[in-house]
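Worksheet: one structure, shown below.
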Amino acid sequence: MNDAITVMSFFISQFLGSFMLSYLFMPFRSYAQGRLPFRHFISKEWLLHDTPIHPPHLITILPTDLSDVRLSARKPEMMGDMTQVGSLMAAVMFVWAIFRQLFPDEFQRDVRKYVNKVVSYVYPYVEITFHEYQPDSWFERSKAFVSIERYLSTNSSNRAKRLKANVVKDCESVVLSMDDYEEVTDEFRGIKIWWTSSKSIPKQQALFSYRGEEEKRYYRLTCKREHRDIITKVYLQHVLDEGKAIAVKTRQRKLYTNNKSENWSGYRRTMWSHIIFEHPSTFDTLAMDPKKKKEILDDLMMFSKSKDYYKKVGKSWKRGYLLYGPPGTGKSSMIAAMANLLEYDIYDLELTSVKDNTDLRKLLIDTSSKSIIVIEDIDCSLDLTGQRKEKKEESKEEEKDPVKKAEEEKGKKNKGSEVTLSGLLNFIDGLWSACGSERLIVFTTNFVEKLDPALIRRGRMDKHIELSYCCFETFKVLAKNYLDLESHDLFSIISRLLEETKMTPADVAENLMPKSFEENAESCLNKLIQSLENAKEEARLKAVEDARIKAEEEAAKKIEENGEKVQESDAKLGDEEGKKTDKHTDVKENGVITA
Ligand SMILES: Nc1ncnc2c1ncn2[C@@H]1O[C@H](COP(=O)(O)OP(=O)(O)OP(=O)(O)O)[C@@H](O)[C@H]1O
């Protein structure tokens, strides 16, 4: 009985094998005759084409261009085709099952290897595969894969028939990408390229799986052999560059702030926390002198386009900005406008949360390029101003009271940060500052005169920008933004008042903003005029009060000086009288002595 089964299986496999082989070789034969376009897999199109193809539609491993196939209905032949394909598939599966059952794994591997070798001789295409995860970094997606995904999403997803929709995190927009086992074509310098997305599924799904046992997604590029060089040397670089550019354009910008150094430990340590950066300030909404604004805009644009220039002159690609001026003059608004202009992230560095210079360096290394590192109110962040002076004084006072010294040390520790001025100077332009590129470092302060000159010298803070009280030019920008007004009869009064009194753009903006539906542009301007007049009156009264206080102080000083003089003269008189008495005593004594 067993023998009979063996013999039967032999004949069946012989029959199916020859049947299958004849089918397998037909595409090659037809290809040689230039008639049959090949496909990777059966697609909808073959059901419709009317090109006389014999045999019609089978699963082959060879890709083709279907674009030149004319589409029309061809239903009567279709049923026959379907039957043939069905039996072929059944045969292939049967033979494959027997092959896998009867032959050991090693043998199967060898067969596959030789089949691939043979196919590679006749296969007129080149395939390049890009895996989502590289074997050496299971937790990080391959940069090439991500770039290709972006490139294909943007350039080819409109041609793909099955798409995957991903909702971007923290955002309501939907990003479409090719679904698994989908194919799209791309064209580069007249060359046709096929991209397929696919995944390899593990034989057994482990209960506790790690990345290696999960589905592995990949993109496969197929092109004709003769185009191999141009595809590998030019096209791939083009795809990667495009992918990066799309990422920059579509990425959500972030506003980071540093965590306290104590919270950096553990596996998931994060030095920076972030939220999505959505500040609406732009250089259009920023009110300042137009000439000054243009100068800053040019400076920023020039910086962002000067990668090669910085390399040529041997400088790391970064630039320092010092923004100074009274509170409410637009320093923070300008930083947001810079970030929006250049599409950079912002790292808002809170110096008091940084333990020491080493941690400051670690934070710097953890920032990305295309970013603005901001230290607001640098004069208040740490006592950086006097440290150099203090050190000099300390070295002079060699022997200091140990109790006083200990108390001072304690006081310093209580401030929570041991970042020093030299640490900060290194942060800005030391060796470590060269890691990463395309970065702006911005300091803001209300009291520029308090800062150590070393901190703000050119090369560290390359551009010093003063943001000051509202002038008429600034007001005009605010009036346009807040009230849609370019001119008004009341502008002349406002212009005069702005020359006579100081008001910050923040206060002017507050007055210009309508607070109810009844308020219109004119009432807002009147509100501003009233406010300016009040401010002027307040300033006048303050000046009077200051003058009175000054006069009183001077009078008091004079009285004090006079009192001191009287005391001095009294003391002098006293001294002289004393001397006289002494002389008298001396005489007496002398008299006594002589007596
Ligand atoms: N130059 C300006 N242009 C447009 N709006 C401004 C300007 N200055 C101030 N404002 C308005 O005033 C508000 C406060 O401004 P901002 O926070 O930028 O000032 P600042 O100089 O950074 O103040 P501080 O020194 O207190 O941090 C902003 O929300 C903005 O609406």
Side-chain angles (χ1 to χ4, degrees), residues 253 255 257 275 277-297 299-300 320-342 344 346-352 372-382 384-385 440-451 455-456 461 463-486 491 494-495 497-499 501-515 519 521 524-525 527-528 531-532 535:
R253 279 172 308 108
L255 171 61
T257 187
I275 55 161
F277 176 68
E278 290 173 321
H279 201 294
S281 176
T282 64
F283 273 90
D284 288 334
T285 62
L286 196 68
M288 64 188 297
D289 178 32
K291 260 194 219 157
K292 219 167 161 186
K293 193 193 277 190
K294 186 172 180 308
E295 191 189 309
I296 298 165
L297 269 170
D299 192 273
L300 288 167
Y321 284 81
L322 174 71
L323 310 184
Y324 65 96
T329 49
K331 296 181 290 296
S332 310
S333 309
M334 176 168 284
I335 296 168
M338 284 173 164
N340 285 332
L341 175 79
L342 301 174
Y344 285 1
I346 295 184
Y347 288 86
D348 187 6
L349 180 59
E350 179 53 56
L351 269 187
T352 48
I372 306 181
I373 301 172
V374 180
I375 304 181
E376 286 212 79
D377 298 319
I378 181 96
D379 52 301
C380 311
S381 295
L382 294 172
L384 298 165
T385 48
L440 298 179
I441 299 176
V442 182
F443 289 171
T444 73
T445 179
N446 296 332
F447 307 99
V448 68
E449 63 284 349
K450 274 194 188 178
L451 299 180
L455 193 61
I456 57 172
M461 292 293 107
K463 194 152 179 66
H464 295 193
I465 301 170
E466 184 181 8
L467 289 141
S468 191
Y469 293 104
C470 195
C471 62
F472 185 58
E473 290 301 328
T474 313
F475 159 76
K476 280 204 291 192
V477 181
L478 290 173
K480 176 88 187 67
N481 289 341
Y482 282 77
L483 301 172
D484 271 327
L485 276 184
E486 293 203 11
F491 274 20
I494 293 170
S495 168
L497 283 168
L498 284 173
E499 274 169 25
T501 188
K502 284 177 180 169
M503 188 175 268
T504 61
D507 286 333
V508 173
E510 182 59 21
N511 280 298
L512 291 181
M513 202 192 287
K515 304 286 172 348
E519 276 190 302
C524 289
L525 290 178
K527 201 167 56 174
L528 175 64
S531 239
L532 281 166

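Counting starts at 1 for both ligands and their atoms, following the listed order. No experiment lies behind these values; they were computed from the predicted model shown.
For the residue pair I346 and A336, the shortest heavy atom distance occurs at CD1-CA, 4.5 Å. Contact detail for L478 and C470: the closest heavy-atom pair is CD1-SG, 4.3 Å.
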How far apart are the C-alpha atoms of N481 and T285, what are their side-chain angles, what is the distance that settles it, and do they pass the side chain to side chain donor-acceptor pair (under 3.5 Å) test?
CA-CA 6 Å; N481 289 341; T285 62; 5.3 Å; no
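Atom 19 (O) of ligand 1 has its closest protein heavy atom at G330 N, 3.3 Å. Scanning the protein heavy atoms around atom 27 (O) of ligand 1, the nearest turns out to be S332 OG, 3.8 Å. Scanning the protein for heavy atoms near atom 13 (C) of ligand 1, the closest one is A506 CB, 4.1 Å. Looking only at heavy atoms of the protein, atom 26 (O) of ligand 1 is closest to P327 CB, 3.6 Å. Scanning the protein for heavy atoms near atom 7 (C) of ligand 1, the closest one is P505 CB, 3.6 Å. Protein heavy atom nearest atom 5 (N) of ligand 1, with residue, atom name and distance: L478 CD2, 4.2 Å.
In terms of modelled atom types and a separation under 3.5 Å, the side chain of K515 and the main chain of M513 share a donor-acceptor contact. Between the side chain of H279 and the backbone N or O of I335 there is no donor-acceptor pair closer than 3.5 Å. K293 places a side-chain N or O within 3.5 Å of a backbone atom of L286 that can act as its donor or acceptor partner.
For Y347, the ring pair (Phe, Tyr, Trp, His ring centres under 6.0 Å) partners two or more places apart in sequence, or in a different chain, are Y256, W272.
Nearest to atom 21 (O) of ligand 1 by heavy atom, out of K293, K331, M288, H279, is K331. Nearest to atom 31 (O) of ligand 1 by heavy atom, out of F283, Y482, Y324, is Y482.
Of the N or O atoms in T474, none lie within a sub-3.5 Å distance of an N or O in ligand 1. Annotation: A287 places an N or O atom under 3.5 Å from an N or O atom of ligand 1; distance criterion only. Any N or O atom pair closer than 3.5 Å counts here, and D377 shares no such pair with ligand 1.
If you number the atoms of ligand 1 from 1 as listed, the ones under 4.0 Å from a heavy atom of S333 come out as 15 (O), 16 (P), 18 (O), 28 (C), 30 (C). Using a 4.0 Å cut-off to heavy atoms of N446, the atoms of ligand 1 that qualify are 25 (O). Interface atoms of ligand 1 facing L286, defined by a heavy-atom separation under 4.0 Å, are 3 (N).
Taking 4.5 Å as the limit, some side-chain heavy atom of I465 sits within range of a side-chain heavy atom of M334.
One finds no salt bridge joining E510 and K527 here, because no Lys/Arg side-chain nitrogen approaches an Asp/Glu carboxylate oxygen to under 4.0 Å.
When non-hydrogen atoms are compared, ligand 1 lies under 4.0 Å from neither the backbone nor the side chain of T444.
Inside a 4.0 Å radius of atom 29 (O) of ligand 1 there is not any protein heavy atom.
At least one heavy atom of G328 sits closer than 4.0 Å to an atom of ligand 1.
Between the side chains of N340 and T282, no donor N or O sits under 3.5 Å from an acceptor N or O. A donor and an acceptor atom, one from each side chain of T257 and E350, are nowhere located under 3.5 Å apart.
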